[in-house]
Amino acid sequence: MAVKHWLIKSEPDVFSIHDLAKAKGRRTNWEGVRNYQARNFLRAMRQGDRCLFYHSNADPPGVAGVVEVVREAHPDPTAWDAKSPYHDPKASPDNPVWSMVDVQLLEVFPREVPLDELRQVKALAGMELLRRGSRLSVTPVTPAEFRAIVKLATSR
DNA sequence: GCCAACGTTGGC
DNA sequence: GCCAACGTTGGC
């Protein structure tokens with residue numbers, strides 16, 4: 001099965017790609033996804049898939065690097081942790097509801113590719129991220145889109 | 001801080 | 001099942 005590509009969002013004030021670079025093993029649980037469509041994309045991820053790491057709610061927002069899926073979807077225990085900001089009263093160990101994957105840092109781009117620059121690239125015109133009103137924190141990315149963004153990050 | 005877009009909730 | 005109210009996301 002071919003490697004698939006995705007884009008995952010994180011607010012750098014909460015967890016940035018630089019936090020991931022400092023994390024043990026440069027890996028982390030991608031916890032806190034609380035949207036069913038995004039969760040289903042997480043569940044479709046396979047070991048070895050590549051994800052663009054996007055900084056949302058940042059100045060400027062943009063793509064900061066690439067991570068690899070190192071563990072496929074498993075229950076997200078923050079869902080039934082009453083002290084977690086991601087707590088969901090519907091969830092329990094018997095009924096986890098929410099999933100997370102584990103990701104490992106592959107590359108911090110030599111420069112972040114800002115959102116306004118992505119919008120100017122024809123090859124990216126169909127990207128989910130660029131759709132008006134798009135809020136999904138996990139989205140699929142085509143191989144061509146993935147390549148185009150890596151190229152933007154490593155040129156200029 | 002504003003607000004458009006979208007998802008979820010809950011009354012009916 | 002409809003839909004109004006409400007909450008959240010995230011760019012600006």
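This structure is a prediction, so every number in the text was calculated from the model and none was measured. The basis for the numbers below is simple: all heavy atoms, side chains too, and nothing from hydrogens, waters or symmetry mates. In what follows, chains are A, B, ... by sequence order, proteins preceding strands, each numbered from 1.
- Looking only at distances, no side-chain donor or acceptor of A:Q120 sits under 3.5 Å from a matching main-chain atom of A:E117.
- Atom pair A:N35:CG and B:dT9:P shows a separation of 11 Å (rounding to whole Å applied).
- Here the nucleotide nearest the side chain of A:K90, chosen from C:dG11, B:dT9, B:dG7, is B:dT9.
- Going from atom CD1 of A:I8 over to atom P of C:dT9 covers 16 Å, rounded to whole Å.
- Look at CG on A:L118: it is 11 Å from P on C:dC12, rounded to the nearest Å.
- We find that CD of A:E112 is positioned 15 Å from C1' of C:dG11, with the value rounded to whole Å.
- A donor N or O paired with an acceptor N or O is not found under 3.5 Å between the base of C:dT8 and the side-chain atoms of A:R34.
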Verdict with supporting geometry, A:Y36 and A:V97, side-chain contact (heavy atoms from CB on, under 4.5 Å): CA-CA 9 Å; A:Y36 287 102; A:V97 185; 4.0 Å; yes
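- In this structure, a donor-acceptor pair under 3.5 Å is absent between the side chains of A:S137 and A:R39.
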Test side chain to side chain donor-acceptor pair (under 3.5 Å) applied to A:H74 and A:D102, step by step: CA-CA 9 Å; A:H74 52 109; A:D102 294 1; 2.9 Å; yes
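- The side chain of A:R131 lies closest to B:dC6, out of B:dC6, C:dG11, B:dG7.
- Of all nucleotides listed (C:dG10, C:dC12, B:dG7), B:dG7 comes nearest to the side chain of A:Q37.
- If you measure from atom OH of A:Y36 to atom C1' of B:dT8, you get 9 Å, rounded to the nearest angstrom.
- Nearer to the 5' terminus of DNA chain B, by closest-nucleotide assignment, is the contact made by A:N57 (compared with the other of A:N57 and A:R135).
- No donor-acceptor pair under 3.5 Å is formed between the side chain of A:R26 and the backbone N or O of A:L20.
- A:Y54 places its OH atom 8 Å from the C1' atom of C:dG11, with the value rounded to the nearest Å.
- Rounded to an integer number of Å, the gap from CD of A:E128 to P of C:dG10 is 11 Å.
- Look at CD on A:E11: it is 15 Å from C1' on C:dC12, rounded to the nearest Å.
- Listed pair A:K9 / C:dT9 fails the phosphate criterion, with no side-chain N or O lying under 4.0 Å from OP1 or OP2.
- Each of C:dG11, B:dT8, C:dG10 was ranked by its minimum atom distance to the side chain of A:R119; first place goes to C:dG11.
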